[in-house]
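Here's the structure we're looking at; comments come further down.
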Amino acid sequence: MRIANSTTSTGPQTSENADNQQTAPVVQCQNVTRSYTGRGSGSLLGRKEHTQTVTAVSDVSVTVRERELVGIAGPSGSGKSTLLHLLAALDVPTSGVVTVNGTDTSSLSERALARMRLNNIGIVFQHFYLLPALSARANVALPLVELGLSRKERRSRASTLLEKVGLGDRESHKPSELSGGEQQRVAIARALSTKPKLLIADEPTGELDTETGASILDLFDDLRDECALVVASHDQQTLDRMDRVVRLQDGERIDDHA
Ligand code: ADP
Ligand code: MG
């Protein structure tokens, strides 16, 4: 087995067990399955009731370590978002174990899960989800209310982050006054505001043109020293920038991993 040196670039799509031997796991899925069970439509029409089970993620194992940039690839419906929700502790698996920063997510109450997300995880979505009535700075500062930071600290941290994502001169702009790429930068700054160990992004370049998308990927590269990143995408340009890519098809992991 090859022992990788942490300073050596291993290139894309290498085996995760050979990579980053020296760095600690930030999040780990072991044989994780997530099924959704719902009632079939027939019951509404008075027909015989039946249940339907959709297995969105099936027996997937993934480990993401510090300083890694990991892609999740697969066609629409292959389970990427479901897997990200499990890694982000927004959801718990039907079977298998998800461990975030050493803690099994299924062992926590809803309240404890929310606290663990606040302390460990930042999330970025394709559609940004900024609050339209708030300025860029107020959007970035919002998660810090829950962390109990003073107004002065919140403002200062939000300003520093907007500067970092290249929007120091847009602090007071509302989302509607910003381009798509700028809104995504605000969303990334907001996700970073709580100093997460793990940044999770679901199709973060899906709404952006190629050039703007590339600038968001440059930003992710710059964040490596601060947090691990997991990015779901079906865009090859995005996947090419990852250290390695986990490939899903019909909920199963199909890439060659040890
Ligand atoms: P992707 O992000 O790769 O497009 P998803 O994780 O969103 O895939 O979905 C994977 C599969 O799980 C799809 O077949 C989808 O319809 C199903 N699914 C996702 N969320 C739910 C849900 N809340 N209830 C029922 N089925 C779901
Ligand atoms: Mg999705």
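Sequence positions, counted from 1, serve as the residue numbers for this chain. Counting convention: from 1, in listed order, for ligands and their atoms alike. Hydrogens, waters and symmetry mates play no part in the numbers below; they use all other heavy atoms, side chains included.
- The closest approach between S78 and ligand 1 falls below 4.0 Å for a heavy atom of the residue.
- Using a cutoff of 4.0 Å between basic side-chain nitrogens and carboxylate oxygens, D202 and K80 are not scored as salt-bridged.
- With respect to atom 18 (N) of ligand 1, the closest heavy atom belonging to the protein is Y36 CE1, 3.6 Å.
- By the definition of a contact as any protein heavy atom under 4.0 Å away, atom 16 (O) of ligand 1 is not in contact.
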Checklist line | Full working for side-chain hydrogen bond (donor to acceptor under 3.5 Å, both in side chains) between H234 and E203 | finding: CA-CA 8 Å; H234 55 256; E203 309 271 4; 3.2 Å; yes
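- The distance from ligand 1 to the heavy atoms of P75 drops below 4.0 Å at these ligand atoms: 3 (O).
- Protein heavy atom nearest atom 7 (O) of ligand 1, with residue, atom name and distance: S81 CB, 3.8 Å.
- Ranked by closest heavy atom to atom 4 (O) of ligand 1, the top entry among A232, G77, G38 is G77.
- Just one of T205, V245, I216 meets the side-chain contact (heavy atoms from CB on, under 4.5 Å) condition when paired with T238; it is T205.
- Atoms of ligand 1 found under 4.0 Å from any heavy atom of A56 (numbered from 1 in listed order, with element): 10 (C), 11 (C), 12 (O).
- No donor-acceptor contact under 3.5 angstrom links the side chains of Q237 and T210, judged on distance only.
- Between the side chains of T212 and D209, at least one donor-acceptor pair of N or O atoms lies under 3.5 Å.
- Here S76 does not reach the Mg ion (ligand 2): none of its N/O/S atoms is less than 2.8 Å from the metal.
- Those atoms of ligand 1 with a heavy atom of T82 less than 4.0 angstrom away are 5 (P), 6 (O), 9 (O).
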